[in-house]
Amino acid sequence: MEPGLTATAALSPDEPSPRQIEVLEATLRQMMTEGQAVTMNSVARAASCSKETLYKWFGDRDGLLTATVKWKASRVHVGAVEPGRLDRAALVARLEEFARNWLTVISSETSIALNRIAIGEAGAKKGHLGAIVLENGRFALGNRLKPVLEAGRDAGLLIFDDSEEAFRTFFGLMARDVQIRLLLGDSLELPPAIIHSEAARAARQFLALHGAESQT
């Protein structure tokens with residue numbers, strides 16, 4: 001994260017309370033309507049919450065945005081794997097689960113709005129949302145999936161030298177041009193059936209590239 005992002009120390013716990021979730025949802029709604037102009041004042045009004053409470057929970061605008069991004073990214077989860085008990089079917093299930101969750105999150109209107117604001121602020125060198133999204137989005141997701149990839153390698157199911165490079169390969173296979181098209185306003189529809197199909201395709205292609213069976 002860029003220097004100066006000290007507000008994260010004031011974040012609410014990783015698992016926000018129901019009332020805090022209401023505030024985070026209000027923040028996402030304000031991003032959709034106000035864009036970069038979203039403020040602590042506007043969120044407080046939208047969430048029927050005092051500014052004092054927002055500052056107590058999140059520290060400042062950067063802290064609120066960090067909590068919002070973390071909460072949104074937490075929807076992209078992947079099941080734990082037991083050391084020594086991972087087989088090919090379980091590995092495929094984990095890869096597909098991760099891809100399904102990611103595609104579902106990034107295709108939501110709130111996620112599109114959030115990422116557009118982050119890109120705009122980064123391009124204008126204004127604010128820290130771009131760095132916040134990178135750290136708590138892309139980089140955090142990599143840290144979430146890489147243990148699964150490494151477990152697959154330890155189980156003899158995958159072959160790769162570097163888990164970060166392997167993650168980037170899988171990320172590219174599941175993302176393709178979907179997110180950029182959504183950010184640029186393409187009316188791309190991703191119903192659950194399409195998301196399931198895309199997730200399965202990404203897992204299948206990844207195993208074709210890095211699966212031990214494909215390289216024997």
Side-chain angles (χ1 to χ4, degrees), residues 1 5 8-9 11-16 21 24 66-108 110-112 114-115 118 130-180 182 190-216:
M1 183 175 292
L5 296 190
T8 54
L11 285 177
S12 55
D14 288 338
E15 193 62 40
I21 289 175
L24 301 180
T66 300
T68 303
V69 173
K70 278 187 173 181
W71 178 69
K72 192 72 175 174
S74 72
R75 307 305 96 181
V76 186
H77 53 78
V78 59
V81 295
E82 296 184 44
R85 301 191 63 180
L86 185 67
D87 58 19
R88 183 182 174 88
L91 175 63
V92 169
R94 295 294 182 270
L95 293 175
E96 291 185 1
E97 175 190 22
F98 184 89
R100 285 196 308 271
N101 290 333
W102 185 82
L103 287 166
T104 299
V105 168
I106 62 99
S107 61
S108 68
T110 51
S111 181
I112 293 169
L114 187 156
N115 281 288
I132 289 169
V133 170
L134 273 176
E135 180 170 323
N136 298 285
R138 158 61 181 88
F139 295 150
L141 296 182
N143 292 336
R144 206 167 292 165
L145 186 65
K146 280 187 279 188
V148 174
L149 301 179
E150 291 164 359
R153 180 177 58 186
D154 293 343
L157 302 170
L158 296 175
I159 297 175
F160 58 83
D161 295 322
D162 183 81
S163 58
E164 171 64 17
E165 288 300 314
F167 172 78
R168 291 176 66 186
T169 297
F170 182 67
F171 192 86
L173 291 171
M174 71 176 185
R176 295 198 295 172
D177 64 348
V178 171
Q179 190 169 35
I180 189 63
L182 291 170
L190 289 174
I194 295 297
I195 286 177
H196 277 69
S197 175
E198 289 291 290
R201 176 199 51 76
R204 184 172 61 251
Q205 292 180 345
F206 181 76
L207 286 171
L209 291 171
H210 288 289
E213 291 182 3
S214 65
Q215 300 184 38
T216 57

Rounded distance [0.5 Å steps], [atom1] in [X] versus [atom2] in [Y]:
X: H196; Y: R201; atom1: NE2; atom2: CZ; value: 14.5 Å
X: I21; Y: T68; atom1: CD1; atom2: OG1; value: 11.5 Å
X: L182; Y: L190; atom1: CG; atom2: CG; value: 6.0 Å
X: K146; Y: L141; atom1: NZ; atom2: CG; value: 11.0 Å
X: E198; Y: M174; atom1: CD; atom2: CE; value: 11.5 Å
X: S197; Y: E96; atom1: OG; atom2: CD; value: 10.0 Å

For [Y], does its backbone N or O pair with a side-chain atom of [X] as donor and acceptor, under 3.5 Å?
X: N136; Y: V69; answer: no
X: R176; Y: G172; answer: no
X: S74; Y: W71; answer: yes
X: S107; Y: T104; answer: yes
X: R94; Y: V78; answer: no

Exercise for the section: Return the set of residues passing ring pair (Phe, Tyr, Trp, His ring centres under 6.0 Å) with F206 (not counting sequence neighbours), or none when no residue passes. Expected result: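 Per chain and number, F206 pairs via ring pair (Phe, Tyr, Trp, His ring centres under 6.0 Å) with F170, H210.
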Practice task
Could I get the full list of ring pair (Phe, Tyr, Trp, His ring centres under 6.0 Å) partners for F171, not counting sequence neighbours?
Solution key: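 With neighbours one apart ignored, the set is W102, F167.
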Considering all heavy atoms, the nearest [X]-[Y] contact:
X: A199; Y: A99; value: CB-CB, 3.7 Å
X: V133; Y: A118; value: CG2-CB, 3.8 Å
X: G156; Y: A212; value: O-CB, 3.1 Å
X: A151; Y: V81; value: CB-CG2, 3.7 Å
X: P147; Y: N143; value: CD-O, 3.1 Å

Problem - Beyond-backbone contact of L91 with L158, side-chain heavy atoms, under 4.5 angstrom - result: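 A side-chain contact under 4.5 Å exists here.
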Handout entry: Side-chain heavy atoms of H77 within contact of N101, under 4.5 Å
Key = yes
Handout entry: Any residue meeting salt bridge (Lys or Arg N to Asp or Glu O under 4.0 Å) with E97, in chain and number order, not counting sequence neighbours
Key = none
Completion exercise
For D161, the salt bridge (Lys or Arg N to Asp or Glu O under 4.0 Å) test, sequence neighbours excluded, returns none
Exercise for the section: May I have the step-by-step check of side-chain contact (heavy atoms from CB on, under 4.5 Å) for Q205 and L209, ending in yes or no? Expected result: CA-CA 6 Å; Q205 292 180 345; L209 291 171; 5.7 Å; no
Handout entry: Stepwise side-chain contact (heavy atoms from CB on, under 4.5 Å) check, V92 with L95
Key = CA-CA 5 Å; V92 169; L95 293 175; 5.6 Å; no
Handout entry: Short N-O contact, R88 and E213, less than 4.0 angstrom
Key =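 Between E213 and R88 there is a salt bridge, with a charged N closer than 4.0 Å to a carboxylate O.
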Practice task
Please check if atom CZ in R168 has more than 12 non-hydrogen atoms from other residues, nucleotides or ligands closer than 6.0 Å.
Solution key: no
Practice task
List for me each residue that meets side-chain hydrogen bond (donor to acceptor under 3.5 Å, both in side chains) alongside R204, sequence neighbours excluded, and say none if there are none.
Solution key: none
Practice task
For L207 and L157, run side-chain contact (heavy atoms from CB on, under 4.5 Å): C-alpha distance rounded to whole Å, both residues' side-chain angles, the deciding distance at 0.1 Å, then the answer.
Solution key: CA-CA 9 Å; L207 286 171; L157 302 170; over 6 Å; no
Exercise for the section: Not counting sequence neighbours, list each pair that qualifies as a side-chain hydrogen bond (donor to acceptor under 3.5 Å, both in side chains) and has a residue in residues 149-159. Expected result: E150-S163
Problem - Side-chain donor-acceptor pair present, T110, K72, cut-off under 3.5 Å - result: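 Side-chain D/A pair, T110 to K72: present.
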